[in-house]
Enquirer: 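One structure, as structure tokens, below. Some questions next.
The structure presented is a predicted model; accordingly, all values stated were derived computationally and were not measured.
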Amino acid sequence: MFVRQFYTPCLAQASYYIESAGNAAVIDPLRDIDCYIDLAAQQKAIIRYVFITHFHADFVSGQLELANKTGATIIFGQEATPAYPALIATDDETFSLGACKIKVLHTPGHTIESACFLLHDEQNNPYALFSGDTLFIGDVGRPDLLSGNLDAKTLAGMLYDSIERKIKPLPDNLILYPGHGAGSACGKKLSNETSSFIGAQKVINPAFMMNKEDFIEFVTTDQPPAPAYFFKDAKINKWGSPDLSDVLTAGMRPLKPEAFRKELEAGAQVLDTRNEGGAEHVIIKNAIHIGLDGQFAIWAGSVIDFEKPLLLVCDPGTEKAAITRLARIGFDQCLGYLEGGIEAWEGSGGEVCSIGILSPELLSKAMLQDETCVLLDVRRRAELEEKGSIDAAFNIPLEELKKGLNLLNKEQCYIVFCAGGYRSLIAASIMKCAGFRTVHSVEGGIAAIKLVHPDWLSI
């Protein structure tokens with residue numbers, strides 16, 4: 001028996017490849033499926049099944065393309081209603097995979113059709129649980145993304161019952177392989193760990209320590225805002241998506257500044273995916289910056305407009321990666337990328353703006369030079385409670401920033417920070433796009449500030 005986890009940091013998402021005696025199964029594949037096909041070829045195995053835990057809201061899954069290319073059977077749990085051929089398994093139905101077995105456990109709650117998959121080894125011993133978005137490490141899946149006509153509290157009650165009846169009785173030494181890790185908006189306090197044991201979760205996961213009433217209250221309050229694209233992606237996963245190769249062909253168009261400008265004037269939005277460097281980050285005026293080296297897909301889905309076509313500004317050689325990662329969240333409207341990059345744009349007379357990058361050492365100096373400067377913390381409120389905050393800082397979480405811009409003064413100077421500097425640069429670009437005069441991003445975020453100015457923080 002062979003199990004491999006494919007963890008994708010830009011989505012905080014995990015998919016899985018399981019193999020026994022030359023027969024393989026894939027659980028919750030990404031839309032770009034080559035990694036599974038390549039591994040099966042390397043292992044001289046045939047992909048027989050594609051198991052889907054639920055209709056994912058945070059990414060477009062690749063079951064249709066993988067099934068089309070391999071002949072594998074798509075398997076959903078009970079209550080799933082896909083608009084394409086698939087086997088809808090009943091609760092406790094078991095599928096043979098070489099010398100192993102995979103049992104489908106119906107675990108409604110995150111969604112009505114949510115399922116977990118229990119892997120038995122060659123000796124028929126329970127070996128691992130692939131829990132999808134039902135159970136995370138340190139958390140559970142949120143029930144407020146809704147499913148049909150059921151409200152969040154009803155789904156939360158179902159989720160409690162699923163954990164109590166289906167997961168709690170499982171052996172403590174069973175490996176837990178979840179669908180997501182820290183950074184995903186599918187829960188509120190996911191661990192950075194990507195695997196665990198059921199026994200460990202019984203000790204550390206709050207979901208195992210509550211009665212039903214408290215559990216429902218716990219999972220229906222203080223959830224981060226669900227990005228608008230979640231509901232779009234859930235529909236795509238139910239109805240099917242275009243072939244990824246078509247999306248790549250359409251998006252991989254190098255555009256000279258003149259052609260780029262015409263698309264921009266016609267209403268396209270600009271996304272700058274370059275990694276920042278130096279004392280300032282120069283971007284095209286009205287562009288949004290989201291660095292490719294980070295949880296790119298999560299934040300792209302949270303802040304870009306899914307109703308407008310997109311133009312890209314990329315570090316050379318990263319264009320395909322950017323288009324692929326956008327396609328993973330169902331954004332297929334890339335028109336092309338700027339040939340020659342920001343230098344070509346400036347050389348053609350294109351307008352730019354700059355975001356200052358401040359080291360923590362220069363932070364206090366900048367504030368002394370301009371006493372009107374406001375510190376803006378774009379971390380989530382739970383992070384402030386856990387990692388500490390700066391009393392003088394104003395807090396608007398990044399996912400709420402666009403709606404909260406009216407609380408800020410465009411003529412003031414803002415110094416934006418987050419945990420490590422990634423989100424603050426996204427926030428700064430949103431503010432510049434909205435017409436804010438002076439915006440800086442703090443390099444290294446609160447972690448770096450704490451080292452240089454430990455007296456600024458309160459816990």
Side-chain angles (χ1 to χ4, degrees), residues 6 8-13 15 26 28-38 50 52 55-70 72 74 82-84 227-256 259-260 262-264 266-274 287-288 290-339 341:
F6 289 88
T8 306
C10 82
L11 277 171
Q13 187 268 350
S15 58
V26 178
D28 290 340
L30 289 178
R31 195 174 180 183
D32 39 321
I33 60 171
D34 287 350
C35 59
Y36 316 110
I37 292 175
D38 291 347
V50 185
I52 304 297
F55 294 123
H56 301 279
D58 60 307
F59 71 99
V60 175
S61 48
Q63 62 269 20
L64 268 177
E65 195 163 340
L66 190 54
N68 289 337
K69 289 194 175 181
T70 66
I74 300 170
Y84 43 83
Y229 86 94
F230 269 32
F231 305 98
K232 174 182 177 180
D233 279 13
K235 289 180 180 178
I236 291 173
N237 286 322
K238 181 171 182 175
W239 291 95
S241 59
D243 194 288
L244 179 60
S245 61
D246 295 335
V247 178
L248 287 170
T249 299
M252 286 293 291
R253 288 197 308 146
L255 299 173
K256 294 187 182 300
F260 193 93
K262 284 183 181 179
E263 297 289 5
L264 184 58
Q269 59 190 325
V270 180
L271 177 62
D272 187 319
T273 71
R274 296 171 301 138
I288 298 295
I290 307 174
L292 201 58
D293 286 354
Q295 290 189 320
F296 173 79
I298 289 173
W299 291 111
S302 299
V303 303
I304 65 173
D305 187 341
F306 268 62
E307 301 306 315
K308 291 183 179 180
L310 190 69
L311 298 165
L312 294 174
V313 182
C314 303
D315 286 321
T318 65
E319 298 87 1
K320 183 178 179 181
I323 295 165
T324 299
R325 294 183 192 184
L326 288 165
R328 287 174 181 167
I329 57 169
F331 194 99
D332 294 351
Q333 305 99 281
C334 286
L335 300 176
Y337 62 90
L338 180 61
E339 186 176 9

Enquirer: What are the two closest heavy atoms between Lys238 and Tyr84, and how far apart are they?
Expert: O-CE2, 3.2 Å
Enquirer: Just wondering, do Arg328 and Arg325 contact through their side chains at under 4.5 Å, heavy atoms?
Expert: yes
Enquirer: Under a 4.5 Å cut-off applied to non-hydrogen side-chain atoms, are Leu66 and Ile37 in contact?
Expert: yes
Enquirer: For Ile290 and Val303, which heavy atoms make the closest approach, and how far apart are they?
Expert: CD1-CG2, 3.5 Å
Enquirer: To the nearest 0.5 Å, tell me how far Thr273 OG1 sits from Phe296 CZ.
Expert: 5.5 Å
Enquirer: Examine Phe6 together with Tyr36 and report whether their ring centres are nearer than 6.0 Å.
Expert: yes
Enquirer: Salt-bridge test for Asp332 and Arg31: reply yes if a basic N is under 4.0 Å from a carboxylate O, no otherwise.
Expert: yes
Enquirer: Does the side chain of Thr318 come within less than 4.5 Å of Tyr337's, by heavy atoms?
Expert: no
Enquirer: So Leu11 and Leu30, side-chain contact (heavy atoms from CB on, under 4.5 Å) or not? Walk me through it.
Expert: CA-CA 10 Å; Leu11 277 171; Leu30 289 178; 3.7 Å; yes
Enquirer: Quick check against the 3.5 Å criterion: does Gln13 have a side-chain atom that pairs as donor or acceptor with the backbone of Asp28?
Expert: yes
Enquirer: Roughly how far, to the nearest 0.5 Å, is CG of Leu311 from CD of Glu263?
Expert: 6.0 Å
Enquirer: Is the shortest heavy-atom distance from the side chain of Asp233 to the side chain of Phe55 under 4.5 Å?
Expert: no
Enquirer: When you compare the side chain of Ile52 with that of Asn237, does any pair of heavy atoms fall below 4.5 Å?
Expert: no
Enquirer: Heavy atoms only: give me the nearest Gln63-Ile74 pair and the separation to one decimal.
Expert: O-CD1, 3.7 Å
Enquirer: Nearest 0.5 Å, please: how far is CD1 in Ile298 from OG1 in Thr8?
Expert: 10.5 Å
Enquirer: Heavy atoms only: give me the nearest Cys334-Leu326 pair and the separation to one decimal.
Expert: SG-CD1, 3.6 Å
Enquirer: Looking at OG1 of Thr70 and CD1 of Ile33, how far apart are the two atoms once the value is rounded to the nearest 0.5 Å?
Expert: 7.5 Å
Enquirer: Starting at OG1 of Thr324, measure out to CG of Asp34 and round the result to the nearest 0.5 Å.
Expert: 9.5 Å
Enquirer: Quick one: closest heavy-atom pair of Lys308 and Gly267, and the distance?
Expert: CD-O, 3.8 Å
Enquirer: Does some side-chain heavy atom of Ser241 sit less than 4.5 Å from a side-chain heavy atom of Leu64?
Expert: no
Enquirer: Find out whether Ile288 and Gln269 are in side-chain contact, i.e. whether some heavy atom of one side chain is under 4.5 Å from a heavy atom of the other.
Expert: no
Enquirer: Quick one: CD on Gln333 to CZ on Phe306, what's the gap to the nearest 0.5 Å?
Expert: 7.5 Å
Enquirer: May I ask you to test the Leu292-Asp315 pair for a side-chain heavy-atom distance under 4.5 Å?
Expert: no
Enquirer: Please report the closest heavy-atom contact between Ile329 and Val60, naming both atoms and the distance.
Expert: C-CG2, 4.0 Å
